[in-house]
Amino acid sequence: MSSHIDQTNGALDERTIPPMGMTGQAFLDAAGSVVNDIERYYTTLPSRPVLPSISPGYLQKLLPSAPPTHGEPWAAIESDIERTIMPGITHWQSPKYMAFFAASSTYPGILGEMWSAALTSANFNWICSPAVTELETIVLDWLAQILALPHLFLSKGEGGGVIQGSASEAVVTVMVAARERYIRRHLERQGVTDPDEIEDQSCELRGKLVAFASAEAHSSTKKGAIIAGTRFRSIPVHRSNGYALTGEQVRAKIEELQARGLHPYYLGVTLGTTNTCAIDDFESIAEVAKDYPDIWIHCDAAYAGSALVLPEYQYLSKQMTLVDSFNMNMHKWLLTNFDASCLYVRKRKDLTNALSITPTYLKNQFTDSGLVTDYRDWQIPLGRRFRSLKIWFVLRIWGVEGLKQHIRHHLKLADLFVELVKSRSDIFRLLTPPKFALTVLTIEPRNSKPPELAEIDKGDPRPFQDQHVPIALETDDHELQIANDVTKEVYTKLDETKEFFLTASVVGGVYAIRVVSVNPLAEEKYIRRVFELLVEITERVLKGSDEKED
């Protein structure tokens with residue numbers, strides 16, 4: 001672009017790159033090319049290895065050690081996507097990705113992200129972009145209705161929903177709100193009114209606060225307690241209860257903590273634990289909760305909450321009258337691109353009391369009127385993206401019936417996989433009853449008595465995100481050690497093929513393989529193929545074990 005005199009103020013504009021980085025026509029050409037590349041990527045995705053075959057530091061060898069001095073043409077940048085980026089991508093959208101839980105991506109979700117990027121704004125209060133705030137309120141009310149959540153979570157009452165970045169972020173947010181609510185109520189009962197005394201006693205009380213949850217709860221609960229500056233305790237859960245946390249256990253833990261002079265202030269319950277998709281015993285916990293109204297109860301339904309679109313699971317929705325907050329991730333199983341973590345609270349005032357700070361530069365007539373929502377007071381960050389657009393697009397494209405069909409499709413695929421596993425009960429064992437399209441299995445060693453699961457599950461020693469890495473388990477139970485070693489070897493060899501990506505876990509001291517195929521491109525042929533591969537590898541490993549014994 002040639003230099004020119006700006007007629008407005010006479011300043012010489014010497015920029016050689018257009019203000020938007022490209023001209024309008026160049027952007028149209030580049031965007032068209034990118035969209036074509038993305039469509040081609042999804043069309044050819046099944047043919048790509050699901051896992052990368054690179055070593056740490058690979059990208060440093062492919063890129064210059066210093067940034068470019070002069071701008072480069074888009075064509076050069078675009079060609080580098082395949083050359084440099086794709087070799088280091090784990091393809092979460094591949095139908096051969098059956099690890100962790102899914103991270104959904106769909107074309108409507110992508111279009112929503114495009115518009116969000118185009119309309120970039122910080123959106124910390126209503127006046128920043130009224131549509132951003134109001135659409136979020138509307139689509140989260142829609143979603144609450146789709147999931148059949150109790151009406152108390154709708155915005156027309158005292159509650160409402162807000163989009164967070166992740167379930168972990170939601171946990172930290174409500175844990176801070178829980179902490180502040182507990183302290184406020186405690187000091188009010190003590191009749192403390194002097195500001196300095198309130199501050200002193202608040203700091204003293206924080207050191208005695210305890211958050212607690214099942215040993216099967218996601219690691220974000222413990223991390224949230226660390227961030228909130230409070231203690232954390234986990235409760236071991238039993239195989240006989242399906243690894244569900246019960247009201248009896250909750251009461252016992254509360255009484256134990258109180259006897260030590262500590263104050264339990266936050267309880268995490270789970271609808272679909274990460275290891276086995278276990279469901280905590282909400283009914284019995286609700287009875288205990290009546291005696292401890294100051295303890296905030298949060299339900300983490302990050303993955304399995306999507307199944308509440310189906311009427312047959314909505315008996316669980318009704319039980320959510322128990323909780324102060326509920327979270328599910330549309331970006332896991334409900335067709336919406338990351339990030340779209342939907343947090344609902346019973347009383348939004350509990351969030352705003354803990355998180356609302358309004359300096360002069362954020363004051364405006366609309367916020368002061370109390371007639372608008374400022375979502376900055378419902379979260380830890382100040383700024384926020386226009387994430388409701390992609391949810392709006394997804395809900396309108398699929399409709400409620402389309403969402404039901406989507407979830408049912410994956411449940412049918414999981415049922416098929418379970419039947420295949422049962423057909424080879426000579427080599428496979430279902431470790432826990434399948435739930436929410438997740439199957440957890442172990443290998444049955446030949447000439448060996450099947451190991452008994454531990455009555456109390458100590459949980460996997462690794463964070464969930466590290467469960468793709470094989471782990472050595474040592475046990476005094478000889479039969480269990482044999483089974484664990486064989487299962488680990490099968491998992492390791494399957495992982496080395498890089499044809500499918502699965503994760504392993506530890507349940508009741510038993511090494512197990514998790515299989516969950518719920519991304520939008522999942523198909524029956526991939527379910528059958530991963531089973532065939534598991535059989536091939538297992539038989540080879542068992543044959544090798546037999547030969548070693550001979």
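Along the sequence shown, residues are numbered consecutively beginning with 1.
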Subject >> Verdict with supporting geometry, Trp92 and Phe501, side-chain contact (heavy atoms from CB on, under 4.5 Å) >> reply: CA-CA 9 Å; Trp92 284 60; Phe501 187 23; 5.6 Å; no
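- Between the side chain of Asp141 and the backbone N or O of Ser155, at least one donor-acceptor pair lies under 3.5 Å.
- The aromatic rings of His186 and Tyr182 sit parallel to each other, their planes meeting at less than 30°, with 60° as the upper class boundary.
- Taking both residues in full, the closest heavy atoms of Ala177 and Ala354 are given as CA-CB, 3.7 Å, listed atom of the first, atom of the second, then distance.
- Residues Arg346 and Phe326 have side chains not in contact (no heavy-atom distance under 4.5 Å, counting atoms from C-beta outward).
- Looking at Leu154 and His151, their side chains come closer than 4.5 Å, going by heavy atoms from C-beta outward.
- More than 12 heavy atoms of other shown residues, nucleotides or ligands fall within 6.0 angstrom of atom CD in Gln190.
- Here the closest non-hydrogen pair linking Leu140 and Gly161 is CD1-C, 3.1 Å.
- Rounded to the nearest 0.5 angstrom, Tyr292 OH and Ile285 CD1 are separated by 13.5 Å.
- In the model, Ser214 has no side-chain atom that pairs as donor or acceptor with a side-chain atom of Tyr243 under 3.5 Å.
- Across every non-hydrogen atom of Met175 and Ala211, the tightest pair is CE-CB, 4.2 Å.
- Not a single donor-acceptor pair under 3.5 Å links the side chain of Glu134 to the backbone N or O of Thr373.
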Original post:
Hey, mind stepping through Val174 and Tyr266 against side-chain contact (heavy atoms from CB on, under 4.5 Å) and telling me if it holds?
Top reply: CA-CA 9 Å; Val174 297; Tyr266 173 97; 4.0 Å; yes
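- Contact of the Leu403 side chain with the Ile146 side chain is registered, since non-hydrogen atoms from C-beta on lie closer than 4.5 Å.
- In this structure, the side chains of Ser94 and Leu521 stay at 4.5 Å or more apart for every pair of heavy atoms.
- In this structure, the side chain of Ser104 engages the main chain of Lys332 through a donor-acceptor pair within 3.5 Å.
- A side-chain donor from one of His218 and Ser220 sits under 3.5 Å from a side-chain acceptor of the other.
- By the side-chain hydrogen bond (donor to acceptor under 3.5 Å, both in side chains) test, Arg185 pairs with Asp294, sequence neighbours left out.
- A donor-acceptor pair is defined here as one N or O able to donate and one able to accept, closer than 3.5 Å; no such pair exists between the side chain of Ser116 and the backbone of Gly112.
- Ser505 and Arg514 form no side-chain donor-acceptor contact under 3.5 Å, judged by distance and modelled atom types alone.
- Between Leu135 and Phe386, some side-chain heavy-atom pair lies under the 4.5 Å cut-off.
- His263 places no side-chain N or O within donor-acceptor distance of the main-chain N or O of Arg206, the cut-off being under 3.5 Å.
- With Asp280 contributing its side chain and Leu245 its backbone, the two residues share a donor-acceptor pair below 3.5 Å.
- If you take CD on Glu158 and CG on Asp350, they are separated by 9.0 Å, rounding to the nearest 0.5 Å.
- Under 3.5 Å, the side chains of Trp378 and Thr352 contain no donor-acceptor pair of N or O atoms.
- Side chains of Trp333 and His406 form a contact here, defined as non-hydrogen atoms less than 4.5 Å apart.
- In summary, of the residues considered (Thr273, Val518, Thr274, Thr270), a side-chain contact (heavy atoms from CB on, under 4.5 Å) with Tyr303 occurs for Val518 alone.
- Closest approach of Ile407 to Ala307, counting heavy atoms only: CG2-CA, 4.2 Å.
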Cut-off 3.5 Å, no hydrogens considered: what does the side-chain donor-acceptor table look like for residues 390-400, sequence neighbours left out?
residue : atom : partner : partner atom : Å
Lys390  : NZ   : Glu113  : OE2          : 2.3
Lys390  : NZ   : Asn337  : O            : 3.1
Lys390  : NZ   : Phe338  : O            : 3.4
Lys390  : NZ   : Asp339  : O            : 3.1

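- Taking the charged nitrogens against the carboxylate oxygens, Asp291 and Arg251 do have a contact shorter than 4.0 Å, which makes a salt bridge.
- Put simply, the side chain of Thr503 does not reach to within 4.5 Å of the side chain of Phe101, judged on heavy atoms.
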Subject >> side-chain hydrogen bond (donor to acceptor under 3.5 Å, both in side chains) between Tyr97 and Thr90, worked out >> reply: CA-CA 9 Å; Tyr97 179 95; Thr90 296; over 6 Å; no
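- For the residue pair Thr246 / Asp281, no side-chain donor-acceptor distance below 3.5 Å is found, with atom types taken as modelled.
- Inter-residue side-chain proximity for Gln379 and Arg384 is flagged as met; some heavy-atom pair is nearer than 4.5 Å.
- Between the OG1 atom in Thr221 and the CD atom in Glu216 there is a gap of 12.0 Å [rounded to 0.5 Å].
- Under a 3.5 Å cut-off, the side chain of Ser356 and the backbone N or O of Asn353 do not form any donor-acceptor pair.
- Of the possible donor and acceptor atoms, none in the side chain of Ser317 sits under 3.5 Å from a partner among the backbone N and O of Leu149.
- The two residues Ala103 and Gln93 make their nearest non-hydrogen contact at O-NE2, 2.8 Å.
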**OP:** Any chance you could lay out the side-chain contact (heavy atoms from CB on, under 4.5 Å) test for Phe282 and Cys299, step after step, and finish with the verdict?
**Re:** CA-CA 10 Å; Phe282 301 130; Cys299 180; 4.2 Å; yes
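- Distance check, rounded to the nearest 0.5 Å: NE2 of His410 to OG of Ser517 gives 6.0 Å.
- Remark: of the listed residues Glu199, Glu197, Glu204, Glu197 is the sole one forming a side-chain hydrogen bond (donor to acceptor under 3.5 Å, both in side chains) with Gln201.
- Interatomic distance, Trp115 CH2 to Leu389 CG, rounded to the nearest 0.5 Å: 9.0 Å.
- Distance check: Leu147 CG to Ser306 OG gives 7.5 Å after rounding to the nearest 0.5 Å.
- Here the closest non-hydrogen pair linking Ile279 and Ala244 is O-CB, 3.0 Å.
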Extract all donor-acceptor atom pairs below 3.5 Å that involve side chains of residues 223-235 and protein atoms in other chains or at least two apart in sequence.
residue : atom : partner : partner atom : Å
Thr230  : OG1  : Tyr265  : OH           : 2.8
Arg231  : NE   : Gly207  : O            : 3.2
Arg231  : NH2  : Gly207  : O            : 3.2

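- Between Tyr41 and His91, the ring planes lie tilted relative to each other; the angle falls in the 30° to 60° range.
- In this model, a donor atom of one side chain and an acceptor atom of the other lie less than 3.5 Å apart for His298 and Ser325.
- A donor-acceptor contact shorter than 3.5 Å links the side chain of Glu136 to the backbone of Ile163.
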Original post:
Taking it one step at a time, do Leu143 and Val139 satisfy side-chain contact (heavy atoms from CB on, under 4.5 Å)?
Top reply: CA-CA 6 Å; Leu143 180 62; Val139 297; over 6 Å; no
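- The environment of NZ in Lys349 is sparse: at most 12 heavy-atom neighbours from other residues, nucleotides or ligands sit within 6.0 Å.
- Between the side chain of Gln314 and the main chain of Leu308, a donor-acceptor pair closer than 3.5 Å is present.
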